[in-house]
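In what follows, a structure is listed as structure tokens, so that the remarks can point back to it.
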Amino acid sequence: MEAEAADAPPGGVESALSCFSFNQDCTSLAIGAKAGYKLFSLSSVEQLDQVHGSNEIPDVYIVERLFSSSLVVVVSHTKPRQMNVYHFKKGTEICNYSYSSNILSIRLNRQRLLVCLEESIYIHNIKDMKLLKTLLDIPANPTGLCALSINHSNSYLAYPGSLTSGEIVLYDGNSLKTVCTIAAHEGTLAAITFNASGSKLASASEKGTVIRVFSVPDGQKLYEFRRGMKRYVTISSLVFSMDSQFLCASSNTETVHIFKLEQVTNSRPEETSTWSGYMGKMFMAATNYLPTQVSDMMHQDRAFATARLNFSGQRNICTLSTIQKLPRLLVASSNGHLYIYNLDPQDGGECVLIKTHSLLGSGTTEENKENDLRPSLPQSYAATVARPSASSASTVPGYSEDGGALRGEVIPEHEFATGPVCLDDENEFPPIILCRGNQKGKTKQS
């Protein structure tokens with residue numbers, strides 16, 4: 001989950017923070033800024049530990065870390081069409097690829113890496129970065145809205161299927177086939193997200209008043225939540241808890257909403273014979289005669305818990321995570337701060353703010369403790385992994401037939417490794433394998 005920070009007034013702290021994203025299991029936070037990017041560990045409430053920081057690439061607007069591994073993907077405003085993949089512990093570049101237009105978002109799990117442009121999506125095999133398929137001629141997607149299941153056994157992908165309505169295309173990233181389309185909302189989409197197992201998909205429209213949850217892969221509606229009624233808002237993030245019991249939504253308002261996904265059952269308990277039970281039954285029956293919009297509103301569930309921010313109108317993202325064995329709500333904001341709240345999983349109600357961290361200060365650095373492997377060697381993948389080459393470049397065309405790189409661009413020979421390359425000495429999963437030679441285009445397109 002990632003957010004590009006909104007424009008800020010001159011001189012504000014917000015202007016220094018370009019983007020921020022939580023990793024797939026909500027154990028790490030990445031931020032991008034004018035000066036580079038930073039990675040933080042989210043293992044403690046009281047202390048925000050900086051795992052890594054780099055100022056080699058300025059003006060970063062996309063940064064994504066693969067779980068808690070050493071693989072990080074970075075895109076800069078200086079080269080908005082180029083994706084850079086790094087092994088940050090070794091200080092090496094694994095690879096980089098250029099595309100035909102600006103990169104708007106990147107999603108990854110242990111099987112797939114997606115690069116979303118405004119009118120196309122590129123699906124790479126993350127183990128060797130081979131381009132598997134290019135989804136062309138998709139509806140214009142100016143915000144790069146898409147979601148990828150973190151469960152690599154299915155690798156479902158979701159993206160907008162219409163420019164004028166809230167239709168979602170569900171795509172299987174493993175079989176490389178469209179699964180179904182879901183008519184999720186009347187208005188255009190603002191947010192979509194999968195749960196950890198890839199069995200549920202949540203969505204919100206640009207109105208931001210209703211959030212719906214669908215089953216995957218059949219696309220049946222399971223839940224419908226009402227975030228508010230008085231005003232339309234811009235949903236900036238939507239995320240499930242790792243156990244899929246809660247769904248959290250943040251927006252440009254000062255309120256973060258948390259919804260509880262109660263167990264869906266087909267059977268109803270017997271109605272009580274009391275007067276209140278009788279009136280309740282009559283009231284629900286009467287909704288069948290009301291206009292559809294009113295009837296739907298009466299059946300929509302409200303927020304289980306809320307958190308109050310001390311600001312509004314700023315870009316932010318939220319997540320639900322277990323830190324020090326307790327459930328927490330985390331909100332990262334474009335104002336350069338991380339807010340941590342306690343969440344009562346039983347009674348809900350108002351979440352209590354317990355800690356605020358600055359994301360722009362020096363903080364506590366874990367980089368030297370976690371990794372003493374950063375030698376003073378040339379910061380290139382070829383210097384530590386690939387076989388040295390006297391020639392400056394080969395004539396290997398780089399994905400020119402598949403559109404994965406700019407047509408006619410040449411990938412230097414030293415960018416191809418001679419064998420398997422693990423992410424670090426602890427055999428992090430997955431291994432990154434770059435093969436020497438031409439990866440010729442049997443890539444499927446649609």
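Everything numeric in this text was worked out from a predicted model, so none of it was measured.
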Exercise. Can you name the ring pair (Phe, Tyr, Trp, His ring centres under 6.0 Å) partners of Phe67, sequence neighbours left out?
Worked result: none
Centroid-centroid distance, [X] to [Y], less than 6.0 Å:
{"X": "Tyr97", "Y": "His124", "value": "yes"}
{"X": "Phe225", "Y": "Phe259", "value": "yes"}
{"X": "Tyr122", "Y": "Tyr99", "value": "yes"}

Problem set entry | With sequence neighbours excluded, residues passing salt bridge (Lys or Arg N to Asp or Glu O under 4.0 Å) with Asp172 | none
Problem set entry | salt bridge (Lys or Arg N to Asp or Glu O under 4.0 Å) partners for Lys177, two or more places apart | none
For this session: Answer whether the closest heavy-atom distance between the side chains of Val75 and Asn84 falls below 4.5 Å.
Result: no
For this session: Specify whether His77 and Tyr61 have parallel, tilted or perpendicular ring planes, treating 30° as the upper limit for parallel and 60° as the lower limit for perpendicular.
Result: parallel
Exercise. Between Arg65 and Ser28, does any side-chain donor sit less than 3.5 Å from a side-chain acceptor?
Worked result: yes
For this session: Report the C-alpha separation of Leu359 and Phe20 in whole Å, then their side-chain angles, then the decisive distance to 0.1 Å, and conclude whether the side-chain contact (heavy atoms from CB on, under 4.5 Å) test is met.
Result: CA-CA 10 Å; Leu359 300 174; Phe20 31 85; 5.6 Å; no
For this session: Would you please name every residue forming a side-chain hydrogen bond (donor to acceptor under 3.5 Å, both in side chains) with Ser155, sequence neighbours left out?
Result: Asn109, Asn174
Problem set entry | Residues that Asn55 engages under side-chain hydrogen bond (donor to acceptor under 3.5 Å, both in side chains), provided they are two or more places apart | none
For this session: For a side chain to side chain donor-acceptor pair (under 3.5 Å) with Ser250, tell me which candidate from Thr255, Thr319, Asn316 qualifies.
Result: Asn316
Problem set entry | Selection residues 333-357 - residue pairs positive for salt bridge (charged side-chain N to carboxylate O under 4.0 Å, His left out), sequence neighbours left out | Glu46-Lys355
